[in-house]
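First comes the structure, then the notes that go with it.
Lettering follows sequence order; numbering is per chain, from 1.
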Protein chains: 2
Amino acid sequence: MENMIEQHAELKEIKGGSVGSPKGFITGGQNIGMRKSKPDMGWIFSQKPAAAAGVYTTNRFQAAPLSVTKASIAEEQTLQAILVNTVSANSCTGEQGLENAYTTRKWMADHLGIPEHVVAVASTGVIGLQLPMDKMRKGIENISLSGSDALFEQAILTTDTKAKHLAVQCVIDGKTVTIGGACKGSGMIHPNMATMLGFVTTDAAVDPADLKTALKTVTDRTFNRITVDGDTSTNDMVLVMANGMAENKRLTVKHPDWPIFLSGLKAVCQGLAKYIAGDGEGATKLIEVRVSGARDEKSAEAISKTIVGSSLVKTAVFGSDANWGRIICAIGYSGEPFDLEKVSLTLGEIVMFEHGMPVSFNEEEAKSYLDGNNIVIKANLGEGDGEAVAWGCDLTYNYVKINASYRS
Amino acid sequence: MENMIEQHAELKEIKGGSVGSPKGFITGGQNIGMRKSKPDMGWIFSQKPAAAAGVYTTNRFQAAPLSVTKASIAEEQTLQAILVNTVSANSCTGEQGLENAYTTRKWMADHLGIPEHVVAVASTGVIGLQLPMDKMRKGIENISLSGSDALFEQAILTTDTKAKHLAVQCVIDGKTVTIGGACKGSGMIHPNMATMLGFVTTDAAVDPADLKTALKTVTDRTFNRITVDGDTSTNDMVLVMANGMAENKRLTVKHPDWPIFLSGLKAVCQGLAKYIAGDGEGATKLIEVRVSGARDEKSAEAISKTIVGSSLVKTAVFGSDANWGRIICAIGYSGEPFDLEKVSLTLGEIVMFEHGMPVSFNEEEAKSYLDGNNIVIKANLGEGDGEAVAWGCDLTYNYVKINASYRS
């Protein structure tokens, strides 16, 4: 999947970059016996305390690790370490689960010799399963600070088929600043914040309050624009740590280079989000829906998400069937106002619908386009200036297979 | 699929009953060459003009036949005939499509010797395809009034695997009243009114205004409580015709037997709705979600529909996996307020979750229950008196197969 990074003159992609690319970040992963041999515990450590912010699932029920991480960040908007485990989501685990999350945070802090409130914890896996505390304790004791991004990336995956990571560089105050990220997420992916964990690191110095705003803004246009199956999980979050080791003058929204930093952060989050959408459970194709000409951005967003979330659009893309009627139909039930006479639809560069009527197109050409693995659907509503992009994936036999037997 | 009819002391099910069961209704179907050999045009004719009402898709874009049918009913709240075709949905067909729908209405009226405004038209099939007017004309000329319910039931089906029909009888004013129905719908089924056509007939005499209210009330609790894939189509409607040939005193909401009529209408609509859910594209199981203890009925309805619409719940049921975490998760993203500590979950009679925590249950017993084809999930929120039931089906390999290649 090429071109994951938005082209931007001021940004340079680091080939193979990840959460460990920015200065001062050490990451790793290990198998602590919760699953066969793949790493199931991962960590990120910053040599210096880092300004930190998080965004969290909108599911009304939030898992224990989210409460603990929120409490950590609330204290000083600072993190120095993140501990992640797979297999157990530590969700629907009651008082015991919350206590366990706090205990693992304490063990991690003690092991690294840092305060508890600069440690975040994250879990993903089966709901209703308590953390195996013996294994967690031994695992934490075993953490060494000679890490490996590859092990971290593996440790956070569940049904994902691929590790997901990238990094970009930009220049701020004449200093090279690096922004890296890694994430997991495959099923239960839906706005906002579905079973998805995202970790972004940077060596930039950033004001914590502005970092929080930036993360929220960027997340709304990247991670919150992807959908795999419409289910929103109890465990999702995106965390960002900025440790300042690039030695730039601290970034705030007033800093002249703020827009460069923001575009770097967006490029990383968008790249990660697209990796997740393209690696949706059972997916064979990444679907990008670009809506323009809507009344406003909110309306464009609602329509783009509705199209990319439609089971019928997703199966048609899987079957390489240029069934534009399903796209029109999805626009119709998005709840947004529109005038069919003004709508135009394009599949790649092939016009399918204009002025309220189908346009005859070459079916073979459309099929051949849909046989690719990067499908772009464009809808122009002809109403206004609102634009939005959303990403998703096709719905396949393997989605059903994976989810019919996830626990077994 | 047994027990489709709600048990009710005053109602008697007619074995094999259908739209032709009430007095004075003649129905039929024929192949007019739009598809290989299965009937693709169907009709209902009432010997006397009948009080009529309809409910229509909530999709902002509505197909041409809906406009025409609405115009017919608006005139006098009366219908005497309904013409249905499959293959072409006559949707996204512009001015030409609308003109064609009016033309077929006129041909039907002329052929039967009745006014145009007592004829309704309905279409289902592919979006963007014009009606084949030559075939439609010849088909209409060929309609004879010695019909067959079985041919009508077949003529309206698309990807449905089974004909869907039933009828009940009740006594009103000492007269035997029959209410019958037939419907189609398999994919694109979602509240409200997805690719679904429902036709209900009765020989009761009913006030048209009250008939309309009754249909709306009943539809909201039956047809609008089913979901197959979350897509809402442009063509759906439910029509009811009441021709008065049972010779009861005209029913109004003030008639002492009104509740009996209402329960009969509900039994028919609920039975048809459950047939549709159970015959969802690729479905192997009917899922019934009963929510109780919600703040109010609206909240219960939203939660029940969210659970039954969750792709992850649907795949888990397909895989006979008692993954209650996905049900909790769906409640969490339904948008409705709830307190996890008060929630209890039951699968059939097996308690899975209580007081915010999982209850240990016999996995074998749960699997064996889920291997059945009538799955009942009960959620009690412990908040109030709100109750609602929603129906859906499992998500299977065959759903993907059917929808990856519908047009081809």
Side-chain angles (χ1 to χ4, degrees), chain A residues 57-62 89 91-94 126-128 187-188 190 229-234 309-316 318-326 328-338 340 353 355-358 395-397 399-408, chain B residues 57-62 89 91-94 126-128 187-188 190 229-234 309-316 318-326 328-338 340 353 355-358 395-397 399-408:
Chain A
T57 183
T58 54
N59 195 304
R60 271 180 191 266
F61 179 62
Q62 302 196 344
S91 174
C92 287
T93 44
V126 175
I127 294 176
M188 247 196 211
H190 193 64
D229 52 21
D231 284 57
T232 306
S233 113
T234 59
S310 155
S311 292
L312 289 170
V313 171
K314 288 152 66 74
T315 45
F318 172 56
S320 296
D321 179 10
N323 197 327
W324 55 268
R326 294 181 180 175
I328 291 290
C329 190
I331 298 174
Y333 68 78
S334 69
E336 295 300 316
F338 74 102
L340 194 74
F353 193 86
H355 311 303
M357 293 280 287
L395 173 56
T396 71
Y397 299 118
Y399 175 81
V400 177
K401 186 171 177 186
I402 291 164
N403 284 301
S405 58
Y406 179 60
R407 294 194 318 161
S408 7
Chain B
T57 183
T58 57
N59 195 304
R60 269 179 191 266
F61 180 61
Q62 302 195 346
S91 173
C92 286
T93 43
V126 174
I127 294 177
M188 248 197 209
H190 193 66
D229 52 21
D231 285 56
T232 306
S233 114
T234 58
S310 156
S311 291
L312 290 170
V313 170
K314 288 153 65 77
T315 46
F318 172 55
S320 295
D321 179 9
N323 197 328
W324 55 268
R326 295 180 178 174
I328 290 290
C329 191
I331 299 174
Y333 68 77
S334 68
E336 294 301 315
F338 74 104
L340 194 74
F353 193 85
H355 312 305
M357 294 278 288
L395 173 56
T396 71
Y397 299 117
Y399 175 83
V400 177
K401 188 173 176 183
I402 291 164
N403 284 300
S405 57
Y406 178 60
R407 293 192 319 161
S408 9

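Two residues are said to be in side-chain contact when any heavy atoms from C-beta on lie closer than 4.5 Å; A:I127 and B:I328 fail this criterion.
Of all the heavy atoms in A:F61 and B:F338, the pair that sits closest is CB-CZ, 4.2 Å. The two atoms that bring B:L395 and A:V400 nearest to each other are O-CG1, 3.5 Å, heavy atoms only.
For the set B:A89, B:P337, B:G356, the count of heavy-atom pairs under 4.5 angstrom toward chain A peaks at B:P337. The candidate from A:G128, A:C92, A:P358 with the greatest count of non-hydrogen atom pairs under 4.5 Å with chain B is A:C92.
Contact of B:T93 with chain A is made through the backbone alone, with heavy-atom distances under 4.5 Å. If you measure heavy-atom distances from B:Q62 to chain A, you find no contacts under 4.5 Å at all.
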